[in-house]
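To start, the structure itself, in structure tokens.
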Amino acid sequence: MTTFSDLGLSQKVLSAVTDAGYTVPTPIQAGAIPFALQRRDICGIAQTGTGKTASFVLPMLTLLENGRARARMPRTLILEPTRELAAQVAENFEKYGKNHKLNVALLIGGVSFEEQNRKLERGADVLICTPGRLLDHCERGKLLMTGVEILVIDEADRMLDMGFIPDIERIAKMIPFTRQTLFFSATMPPEIQKLADRFLQNPERIEVAPPSSTAKTVTQRLVAVPNKDYEKRSRLRDLIRAQGDLKNGIIFCNRKKDVADLFRSLERHGFSVGALHGDMDQRSRTNMLAGFKDNQITLLVASDVAARGLDIPDVSHVFNFDIPIHAEDYVHRIGRTGRAGRSGAAFTLVAKSDAKYLDAIEKLIDQKIEWLDGDLSALPAPTEGEDEGRGRRGTREKGDRERGDRGKGRERRAGHKSEAKTEHTNPVEAEEIEVARMEPVASERKVDRRPSPGNRNARPNPANDDQRERRRNHYRDHDDGPTPVGFGDEIPAFMLIVANAKS
DNA sequence: AAAAAAC
């Protein structure tokens, strides 16, 4: 059997790998590392969860041991589609590079230029970037790409989806032809293959099967829900409470606005919850993800920014509040659970109008997913207009039954009890009020938050989103009051990677 | 019907 010591990695790297508890490489690692060490170009077809990151981090560390970086002339460059993925790769360099004295610079948007500039001045051995911020640095003349020996293009198919390819081409043009290029993609459709042909020279192609663990260890269920958001939220709460074995869970929505709305709704109902989407300020994004990883937050409401690649080892549940529009996103989302052979559960809320998306998913994964209790035909007939209590029929019964048996997911924050328990005889009305109130200003936070008749009919005004976001940031930065995430003086190591220069 | 990414 192949072990890490058979791959040609340096002693420093091997000892860090051993310390991390690994002895046997994954197929992509065993396949790619020897060729990477020979300075060959690589075309790796591998999904996240296959150990892909280490398959380029480890040989890069070994290759970087000879030589030293000069100011503003990075020696290697890694491109990632999202800030979170970039930060994750940086963490890998910390972990496996602990015996090296390498300068690793994380160049991502949403944080200040100062720290990044300092690192570039000092000379970076490794640059890990999202494309926009890298180009920004280049345009400011802070960066000379002529010394780059190794270029890594990660998640190429996703870069394509996200329209990053022109940026990638611009960046690649600045890097000498003599470089080594490591190219990774989860899939290889013709478009990506053409791209690979442009970037790579005589590449070694390594293809590994997608991790089969998901299909085997994740219990997938569909939950028929009415179309209305408040009814879906109510059903979701019942579902979460019914999970006896919920350790933590990610709840996916299709839109950023719905992430924000559902987050506030769950927060108001007393759940331990965070949110993650691309319009949040980077500080909150970092905090939320770190809090979730540290188990300070039980539930994370997220957009598809969290669907792919994020390595959170132990997620017990995935909830699709919205069914994904693109079937392949379903696979990525549920791939957040059941990792490393653990068991996981994935629930997808399905409304009548979602039928065609469900068909596409079942076709893609080539299996029928079981309904939790009753399929779409069990739903009450759709109605027009509002009448009392309508629509919760079918969910209320179950909700009431389970109300006495709350899962671990329900964690009420001290001091918020009375707010979370506001009484309403009419569930529709209760939810309306909740939505109207979901964005308290700091000053309101400490005063009486019980609904007053005056704002019963108030609706959130989308035009105020910016203003509300600013207020929210203000609140997060300056208010010491209860919030769903807070580290006090405990700054997670994850944040320090972004915030502090490594000495 | 969306999301992601620079200021």
Side-chain angles (χ1 to χ4, degrees), chain A residues 48 78-89 105-117 120 127-143 153-171 185-186 227-229 232 250-263 275-282 284-286 288-289 300-310 320-333 336 348-361 462 465-466 498:
Chain A
T48 40
I78 299 168
L79 296 169
E80 294 288 335
T82 68
R83 297 171 186 172
E84 277 73 17
L85 283 177
Q88 200 169 281
V89 172
L106 178 60
L107 305 189
I108 59 173
V111 294
S112 101
F113 279 89
E114 253 175 67
E115 279 299 324
Q116 298 181 358
N117 281 337
L120 293 177
L127 277 192
I128 305 161
C129 316
T130 45
R133 180 55 73 99
L134 175 68
L135 286 170
D136 205 339
H137 276 283
C138 290
E139 280 157 18
R140 286 163 196 241
K142 296 286 181 191
L143 213 42
I153 299 167
D154 197 13
E155 302 266 334
D157 50 352
R158 199 171 176 205
M159 299 262 205
L160 181 77
D161 286 348
M162 289 164 60
F164 284 166
I165 297 305
D167 287 350
I168 305 296
E169 307 229 33
R170 272 179 68 199
I171 293 164
S185 188
N227 248 329
K228 295 248 190 290
D229 273 358
K232 285 174 73 175
I250 304 179
I251 305 166
F252 285 102
C253 299
N254 287 350
R255 296 172 208 77
K256 288 178 281 201
K257 182 180 183 307
D258 293 334
V259 170
D261 289 355
L262 181 59
F263 162 64
L276 187 68
H277 67 70
D279 279 355
M280 288 164 54
D281 64 290
Q282 190 55 37
S284 307
R285 281 170 71 162
T286 308
M288 291 290 186
L289 190 58
L300 186 69
V301 188
S303 70
D304 279 317
V305 70
R308 303 195 197 195
L310 280 194
N320 289 314
F321 183 76
D322 296 313
I323 194 166
I325 292 165
H326 296 299
E328 61 272 29
D329 285 334
Y330 177 82
V331 180
H332 291 294
R333 288 182 182 184
R336 295 312 97 205
T348 301
L349 306 196
V350 186
K352 275 211 160 77
S353 55
D354 296 333
K356 60 174 181 286
Y357 301 118
L358 177 58
D359 284 347
I361 290 167
D465 277 358
D466 282 351
V498 180

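Quantities reported herein were computed from a predicted structural model and do not represent experimental measurements. Chain identifiers are assigned alphabetically (A, B, ...) following the order of the sequence lines, protein sequences preceding nucleic acid strands; residue numbering begins at 1 within each chain.
In this structure, of dA4(B), dA6(B), dA3(B), it is dA4(B) that holds the atom nearest to the side chain of His277(A). When distances run from any side-chain atom of Asp329(A) to the nucleotides dA2(B), dA4(B), dA1(B), the shortest one goes to dA2(B).
At the heavy-atom level, Gly110(A) lies under 4.0 Å from the strands shown only through sugar-phosphate atoms. Nucleic acid contact for Phe113(A): sugar-phosphate only, since backbone atoms but no base atoms lie under 4.0 Å from a heavy atom of the residue.
If you take OH of Tyr357(A) and P of dA1(B), they are 9 Å apart, rounded to a whole angstrom. Rounding to whole angstrom units, NE2 of residue His137(A) and P of dA5(B) are separated by 16 Å. Taking atom CG on Leu85(A) and atom P on dA5(B), their separation rounds to 10 Å, with Å as the unit. Going from atom CG of Asn254(A) over to atom P of dA4(B) covers 11 Å, rounded to whole Å. Computed from coordinates, the Asp279(A) CG to dA4(B) P distance equals 6 Å when rounded to whole Å. Here dA5(B) presents its P atom at 15 Å from CG of Leu107(A), a figure rounded to the nearest Å. As rounded to whole Å, 20 Å separates atom C1' of dA1(B) from atom NZ of Lys352(A). Whole-Å rounding puts the His326(A) NE2 to dA1(B) P distance at 13 Å.
In terms of phosphate contacts, Lys256(A) brings a side-chain nitrogen or oxygen within less than 4.0 Å of OP1 or OP2 of dA4(B). Note on Thr130(A): a side-chain N or O is less than 4.0 Å away from OP1 or OP2 of dA6(B). Phosphate contact (OP1/OP2 of dA6(B), side-chain N/O of Arg83(A), threshold under 4.0 Å): present. Between Arg285(A) and dA5(B), a side-chain N or O to OP1/OP2 separation shorter than 4.0 Å is present.
The two residues Ala275(A) and Val259(A) make their nearest non-hydrogen contact at CB-CG1, 4.1 Å. Across all non-hydrogen atoms, the minimal contact from Ile323(A) to Arg333(A) is C-NH1, 4.3 Å.
Put simply, the side chain of Arg158(A) and the base of dA4(B) share no donor and acceptor less than 3.5 Å apart.
Under the 4.0 Å criterion applied to side-chain N and carboxylate O atoms, Lys232(A) and Asp258(A) are not assigned as salt-bridge partners.
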**OP:** Given side chain to side chain contact (heavy atoms under 4.5 Å, CB included), test Arg140(A) with Phe113(A) step by step and report yes or no.
**Re:** CA-CA 11 Å; Arg140(A) 286 163 196 241; Phe113(A) 279 89; 3.6 Å; yes
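Screening Lys256(A), Arg255(A), Arg285(A) against Asp279(A) for a salt bridge (Lys or Arg N to Asp or Glu O under 4.0 Å) leaves a single residue, Lys256(A).
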